[in-house]
Amino acid sequence: MRRLRIGILDLVTKSPKVSLYGRIMNANLASIMPQVLGVWCEQEGHDVTLVCYTGLENLVTELPRDLDLLFIGAFTQSAQLAYALSHLFRARGTVTVLGGPHARCYPEDARKYFDYVLGFTDRTVVGEVLRDCRPHRPYGAHLAAGSQPVELPNLRQRWKFVEATLRKAPTIKIVPMIGSLGCPYTCCFCIDSTVEYQPLGFEELRDDLAFLLTKMKHPLVGWHDPNFGVRFDDYMEAVEAAVPQGRMRHIAESSLSLLSEPHLKRLQRNGFRAILPGIESWYDLGNKSKTRRTGMDKVTQVAEHVNMILRYIPYIQTNFVLGLDTDEGPEPFELTKRFLDLAPGAFPAFSLLSAFGRAAPLNLEYQRAGRVVPFPFTFLNNNHAMNVRPKHYTWPAFYDRLVDLTRYAFSWGAIRRRLGATSGAIPKWMNVMRAMSSEGWGRIAYHATIRRLLDRDPTVRGFMDGETVRLPAFYSERIVHEMGPMYEHLPAGAVMHDPNAYLRSSVQELTVALPAPGRRAARPAHSRENAVTPSSTMGPI
Ligand code: B12
Ligand code: SF4
């Protein structure tokens with residue numbers, strides 16, 4: 001095989017317009033897989049340039065002009081930026097590959113703009129791309145391993161890429177680590193609800209932690225495990241064997257059901273400083289919170305639990321999904337406000353219900369019911385748009401409650417209460433900073449704008465109600481603004497996508513008529529029999 005000049009681009013943001021918070025934090029959102037790819041490609045004998053795009057780099061000049069192959073890792077919110085870059089580099093003779101959440105969720109669309117689109121990616125799949133390395137146009141080849149990789153390169157092997165990325169983080173530097181893939185829970189909206197839980201090896205983990213201590217004095221580790229601590233004792237034993245007390249700090253996403261008091265004591269001893277559990281809903285997904293209760297009973301129980309967590313872990317972000325089908329009327333929103341009163345130290349992160357293409361089997365049901373709104377990808381980040389029409393709310397009613405809840409959560413009163421209930425300078429600073437930035441006040445302003453447009457701009461209401469697929473000017477102008485100079489490289493047709501592509505490609509013979517624009521489907525479907533498993537061959541899906 002000839003020696004290839006390979007570029008790897010990790011898009012952690014979608015725009016060159018970077019907030020103050022973004023300047024501090026973006027490099028800390030880097031993904032692990034682009035670094036993994038860097039190791040694998042070098043081991044195959046190729047030259048690699050890896051760039052983590054934090055919004056500040058010049059994408060046209062940072063990568064060598066004469067690349068043979070360009071891998072781009074993108075979330076759906078960065079899809080349009082990825083498409084524009086692919087277009088630009090293909091014109092220069094480069095073969096392009098897309099991987100990451102967007103490629104997993106929207107392969108049908110991504111194949112129009114990339115030569116390869118990768119689902120689950122292991123070394124064999126990467127080897128196939130490196131050997132084949134040729135243009136596949138007009139539709140790219142879709143490759144995916146049958147399951148998640150069983151092993152990944154260790155931190156020592158990834159280190160040069162980690163180090164280069166962390167150099168871009170001016171103050172807080174978070175080292176990305178992972179110890180497991182998949183999840184044993186089955187939250188119906190989640191990409192990992194159908195991916196088996198699989199630890200990556202605790203001995204390797206111990207070695208990684210020991211290695212990290214040779215590189216940084218007091219490292220801060222960000223665990224990318226979808227659900228950290230499922231094999232709790234094994235994890236803690238690995239940490240305790242490798243790390244002397246007080247030498248390392250950790251951040252992890254974990255479910256409340258794993259955060260019992262004895263576990264919290266051990267997490268505290270081992271330096272866990274921030275934890276991000278999903279509460280999701282007051283009516284659904286009780287298994288994650290270890291409760292069968294619903295409504296106010298659940299609020300009280302979860303608030304007590306969160307307050308107990310705060311006695312051991314200084315920072316907690318509680319994640320909620322708004323707009324689930326189980327929600328109806330003012331109650332779910334009012335309950336969240338009561339929760340914030342009862343657990344004032346928690347930083348709330350609200351996600352709008354989003355159907356990310358193939359991410360979850362449940363999305364087929366939304367598509368069959370004609371409930372998916374074709375918002376351009378750039379808005380699909382759980383905040384800038386909710387692309388599932390709510391079951392029990394009109395859009396104005398939903399946005400009224402959303403704006404009200406967001407204002408409540410990031411009011412001066414709530415910020416003060418959060419400060420009072422948080423200990424430690426960094427957690428206090430994070431809470432204030434996040435509330436005042438795009439995540440808090442910025443979001444209040446954004447949601448309030450959408451609410452106003454729902455009254456004043458019939459094109460917005462018509463689009464969200466599914467009466468037209470014509471993108472309102474508010475959204476098209478925002479894409480131009482967000483993409484900046486890269487907008488001119490966006491290929492024709494790449495602003496919009498087919499929101500029902502998953503359904504279309506997973507049904508061999510359509511027995512249910514797909515909804516025409518502006519119309520709902522004839523009947524809702526309940527089965528999952530048409531769910532597609534990842535392909536393991538190259539070629540059209
Ligand atoms: C850890 C995590 C984070 C971390 C780290 C992010 C990061 N850069 O990796 C943090 C907290 C920063 C984060 C932030 C966000 N996240 Co997040 N996150 C996750 C989580 C829990 C695990 C992802 C993970 O690392 N898995 C381990 C890796 C090894 O497996 P994998 O992701 O399945 O990747 C496989 C393939 O896709 C492929 N692959 C992955 N990357 C690449 C790159 C290339 C080049 C190639 C070739 C292949 C490849 O190889 C892997 C092995 O098979 C997932 C949910 C989940 N349960 O998966 C959500 C998830 C990925 N996040 C999601 C979202 C929406 C966000 C945010 C937009 C939330 C927000 N509003 O802020 C931001 C966006 C940040 C960004 N960089 O743009 C969505 C993405 C949906 C989508 N289609 O875009 C997910 C799926 C959760 C969900 N809502 O269902 N997230
Ligand atoms: S616990 Fe978290 S990672 Fe696991 S299925 Fe539920 S939402 Fe997904």
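The analysis underlying the following values was restricted to heavy atoms, covering all of them including side chains, and did not include hydrogens, waters or symmetry mates. Counting starts at 1 for both ligands and their atoms, in listed order.
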Checking side-chain polar atoms at under 3.5 Å, does [X] have a donor or acceptor matched by the opposite partner on [Y]?
| X | Y | answer |
| --- | --- | --- |
| S78 | Y53 | no |
| E196 | S147 | no |
| Y116 | D132 | yes |

Check each heavy atom of [X] against ligand 1 and say whether those closer than 4.0 Å belong to the side chain, the backbone, both or neither.
| X | value |
| --- | --- |
| Q77 | side chain |
| L181 | side chain |
| P101 | both |
| D225 | neither |
| T76 | both |
| I8 | neither |

Quick one: does S78 get an N or O within less than 3.5 Å of an N or O on ligand 1?
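N/O-N/O distance under 3.5 Å: no.
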If you measure every N or O of L29 against every N or O of ligand 1, does any of those distances drop under 3.5 Å?
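Yes, at least one N or O pair falls under 3.5 Å.
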Would you mind running through ligand 1 and noting each atom that sits below 4.0 Å from a heavy atom of [X]?
| X | value |
| --- | --- |
| N382 | 65 (C), 89 (N) |
| I178 | 27 (C) |
| L118 | 47 (C) |
| N383 | 71 (N) |
| P149 | 52 (C), 53 (O) |
| F120 | 53 (O) |
| I72 | 45 (C) |

Evaluate the 4.0 Å heavy atom contact test for [atom]: does a protein atom fall under the cut-off?
| atom | answer |
| --- | --- |
| atom 61 (C) of ligand 1 | yes |
| atom 40 (C) of ligand 1 | yes |
| atom 44 (C) of ligand 1 | yes |
| atom 52 (C) of ligand 1 | yes |
| atom 19 (C) of ligand 1 | no |
| atom 10 (C) of ligand 1 | no |
| atom 65 (C) of ligand 1 | yes |
| atom 74 (C) of ligand 1 | yes |

Answer with yes or no whether [X] contacts ligand 1, where contact means a heavy atom under 4.0 Å from a ligand atom.
| X | answer |
| --- | --- |
| V97 | no |
| G119 | yes |
| A30 | yes |
| I32 | no |

Would you name the heavy atoms of [X] and [Y] that are closest together and state the gap between them?
| X | Y | result |
| --- | --- | --- |
| T54 | V12 | CA-CG2, 4.1 Å |
| A145 | V125 | N-CG2, 3.6 Å |
| L11 | A74 | CD1-CB, 4.2 Å |
| F350 | T336 | CE2-CG2, 3.7 Å |
| T165 | A30 | CG2-CB, 3.8 Å |
| Y21 | M430 | OH-CE, 4.1 Å |

For [atom], what's the nearest protein heavy atom and its distance?
| atom | result |
| --- | --- |
| atom 2 (C) of ligand 1 | E253 OE2, 4.2 Å |
| atom 49 (C) of ligand 1 | G100 N, 3.2 Å |
| atom 33 (O) of ligand 1 | R104 NH1, 2.4 Å |
| atom 38 (C) of ligand 1 | T121 OG1, 3.5 Å |
| atom 55 (C) of ligand 1 | I191 CG2, 3.8 Å |
| atom 21 (C) of ligand 1 | P226 CA, 3.8 Å |
| atom 16 (N) of ligand 1 | F75 CE2, 3.3 Å |
| atom 47 (C) of ligand 1 | L37 CD1, 3.5 Å |

For D208, the option from V175, V221, L155 that meets side-chain contact (heavy atoms from CB on, under 4.5 Å):
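Exactly one pass, corresponding to L155.
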Passing option when I479 is tested against M483, E482, H481 for side-chain contact (heavy atoms from CB on, under 4.5 Å)
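Among M483, E482, H481, the one meeting side-chain contact (heavy atoms from CB on, under 4.5 Å) with I479 is M483.
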OH of Y139: more than 12 outside heavy atoms within 6.0 angstrom?
no
Near L220 CG, under 6.0 Å, is it more than 12 heavy atoms from other residues, nucleotides or ligands?
yes
Hey, can you tell me if F272 and H250 have their rings parallel, tilted or perpendicular (30° and 60° cut-offs)?
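Aromatic pair F272/H250 classed parallel.
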Would you call the rings of Y235 and W223 parallel, tilted or perpendicular if under 30° counts as parallel and over 60° as perpendicular?
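It falls in the perpendicular class, over 60°.
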Does R478 count as lying over the ring of F379, i.e. NZ or CZ under 6.0 Å from the six-ring centre, within 45 degrees of the axis?
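Cation-pi check for R478 and F379: fails.
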Could you walk me through whether I178 and M33 pass side chain to side chain contact (heavy atoms under 4.5 Å, CB included), step by step?
CA-CA 10 Å; I178 190 158; M33 276 310 284; over 6 Å; no
Does C190 put an N, O or S atom under 2.8 Å from atom 8 (Fe) of ligand 2?
yes
What atoms of ligand 2 come within less than 4.0 Å of a heavy atom belonging to C183?
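What qualifies from ligand 2 is 1 (S), 3 (S), 4 (Fe), 5 (S).
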Show which atoms of ligand 2 fall inside a sub-4.0 Å distance from at least one heavy-atom site of N227.
1 (S)
Going by an N to O cut-off under 4.0 Å, is there a salt bridge joining [X] and [Y]?
| X | Y | result |
| --- | --- | --- |
| R504 | E108 | no |
| R5 | D68 | yes |
| D115 | R90 | yes |
| R371 | D325 | yes |

Can you tell which part of C187 has a heavy atom less than 4.0 Å from ligand 2: side chain, backbone, both or neither?
both
Among F114, F75, F356, Y83, which residue satisfies the ring-ring contact (aromatic ring centres under 6.0 Å, His included) criterion with H102?
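Of all the options given, the one that passes is Y83.
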